[in-house]
Amino acid sequence: MAFTLEMAHSALEKLAKSIEDGKEHLSDLDSEVGDADHGINMNRGMKRTAEKIRGKNYADLGSLYRDVAMTLMGAVGGSAGPLYGTFFMKLAQELSGKREVPLAAFACAMREGLDGVMRLGKAAPGDKTMVDTLAPAIEALLNCAEQGDGIAWNMAVLSAEQGMKGTASMTARRGRSSYAGERSLGRQDAGATSSFYLIVSFRDASLEG
């Protein structure tokens with residue numbers, strides 16, 4: 001099954017709802033090691049994104065994700081705006097001119113998005129960031145793409161969840177959380193958590209479609 005423009009719209013609506021429902025949890029996770037505003041910032045950005053794309057007829061995945069990227073960069077404060085914006089801008093570049101792509105091709109576009117996030121944030125797996133959720137999820141998606149969408153997306157979500165939960169045992173080495181040093185131990189990373197919502201939203205939209 002291909003990943004379609006309709007699925008992309010649905011995933012973004014689902015992500016906006018997940019962020020809204022989880023905004024207090026996200027800000028609570030951010031409270032001891034950051035500015036306690038990750039949930040507020042992400043909710044503002046996703047609300048504006050949902051408003052921007054709702055009812056709009058896009059020619060291709062690239063134009064949709066370009067609007068998403070620009071909206072998030074302008075609306076989300078702190079480092080999250082540029083990082084999420086970069087992720088979606090890379091998707092836009094990779095998927096330009098396409099209304100649907102095979103799952104493996106979408107996973108490759110996501111990997112380009114991850115590479116952009118890692119370069120911008122100078123982060124790698126183990127640094128206690130959103131990378132720790134995205135990297136294993138995308139790897140699972142790539143490895144399982146030929147086994148069918150259901151298996152691939154469910155493995156991606158499982159891997160994302162393990163990566164997200166694993167950040168609790170890490171000491172932050174990048175971003176504002178790194179200033180907390182050892183105090184960041186035992187605390188799940190907020191960016192890794194919002195990234196988990198992202199992967200779940202992609203999965204749910206894809207399998208419903």
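The structure displayed is predicted, hence computed values, not measured ones.
Summarising the geometry, atom NZ belonging to Lys47 is positioned 6.5 Å from atom NZ belonging to Lys23; distances are rounded to the nearest 0.5 Å. Atoms NE2 and CE, from His38 and Met130 in turn, are 7.5 Å apart once rounded to the nearest 0.5 Å. Here the CD-CD1 distance, from Glu24 to Ile40, works out to 9.0 Å after rounding to the nearest 0.5 Å. In this structure, Leu12 CG and Leu64 CG are separated by 5.5 Å, a value rounded to the nearest 0.5 Å. To the nearest 0.5 Å, atom NZ of residue Lys98 and atom OG1 of residue Thr4 are 15.0 Å apart. Distance CG/Asn41 to CG/Asp37: 4.5 Å, rounded to 0.5 Å.
Not a single donor-acceptor pair under 3.5 Å links the side chain of Asn154 to the backbone N or O of Ile151. Under a 3.5 Å cut-off, the side chain of Tyr84 and the backbone N or O of Val68 do not form any donor-acceptor pair. Although no hydrogens or angles enter the test, the distance criterion places a donor-acceptor pair under 3.5 Å between the side chain of Lys128 and the main chain of Arg187. Not one N or O on the side chain of Asn43 forms a donor-acceptor pair closer than 3.5 Å with the backbone of Gly39. Between the Ser169 side chain and the Gly166 main chain, a donor and an acceptor come within less than 3.5 Å of each other. Ser10 contributes no side-chain N or O that, together with a main-chain N or O of Met7, makes up a donor-acceptor pair within less than 3.5 Å. For Ser159 (side chain) and Met155 (main-chain N/O), a donor-acceptor pair under 3.5 Å exists by modelled atom type.
At a threshold of 4.5 Å between side-chain heavy atoms, the hydrophobic network of Ile, Leu, Val, Met, Phe, Trp and Tyr places Leu158 and Leu142 in two separate groups. Criterion: ILVMFWY side-chain heavy atoms under 4.5 Å apart, direct or through other members. Under it, Leu103 and Leu207 are part of a common hydrophobic cluster. Taking hydrophobic clusters as Ile, Leu, Val, Met, Phe, Trp and Tyr residues chained together by side-chain heavy-atom distances below 4.5 Å, Leu5 shares a cluster with Leu15. Under the 4.5 Å side-chain contact rule for hydrophobic residues, Met89 and Met118 do not share a cluster.
The two atoms that bring Ser194 and Ile19 nearest to each other are CB-CD1, 4.0 Å, heavy atoms only. Across all non-hydrogen atoms, the minimal contact from Asp132 to Ala124 is OD1-O, 4.4 Å. Contact detail for Leu61 and Ala8: the closest heavy-atom pair is CD2-CB, 3.6 Å. In plain terms, the two heavy atoms of Ala152 and Cys144 that are nearest each other are CB-O, 3.5 Å. Between Thr129 and Ala192, the shortest heavy-atom distance links the atoms O-CB, 3.7 Å. Minimum interatomic distance between Pro136 and Gly163 (heavy atoms only, all atoms of both residues): CG-CA, 4.4 Å.
Taking the side chain as every heavy atom from C-beta outward, Cys108 and Arg111 approach each other to under 4.5 Å. Between Leu29 and Asp189, the closest side-chain pair of non-hydrogen atoms is not below 4.5 Å. Looking only at side-chain heavy atoms (C-beta outward), Asp67 and Lys56 come within less than 4.5 Å of each other. Residues Leu26 and Tyr197 are in side-chain contact: their nearest non-hydrogen atoms beyond the backbone lie under 4.5 Å apart. Within the 4.5 Å cutoff, side-chain heavy atoms of Thr167 are placed close to those of Met170. Side-chain contact between Glu6 and Arg99: present, with at least one pair of heavy atoms (C-beta onward) separated by less than 4.5 Å.
Counting non-hydrogen atoms of other residues, nucleotides and ligands closer than 6.0 Å to CE of Met73 gives a total above 12.
Pairs engaging residues 43-83 under the ring-ring contact (aromatic ring centres under 6.0 Å, His included) rule: His9-Tyr58, Tyr65-Phe88 [sequence neighbours left out].
Ser18 and Asp21 are not linked by any side-chain donor-acceptor pair at a separation below 3.5 angstrom, with hydrogens and angles left out of the test. Defined by atom type and a distance below 3.5 Å, a donor-acceptor pair is missing between the side-chain atoms of His25 and Thr193.
Salt-bridge annotation for Lys17 and Glu13: absent, with no side-chain N of the basic residue lying under 4.0 Å from a carboxylate O of the acidic one.
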The test is side-chain hydrogen bond (donor to acceptor under 3.5 Å, both in side chains); show your working for Ser63 and Asp60 and say whether it passes. CA-CA 6 Å; Ser63 57; Asp60 61 357; 2.7 Å; yes
Show your working on side chain to side chain contact (heavy atoms under 4.5 Å, CB included) between Ile199 and Met110 and close with a plain yes or no.
CA-CA 10 Å; Ile199 299 298; Met110 290 177 67; 3.8 Å; yes
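Taking the six-membered ring for Trp and thresholds of 30 and 60 degrees, Phe202 and Phe87 have ring planes inclined between 30 and 60 degrees apart.
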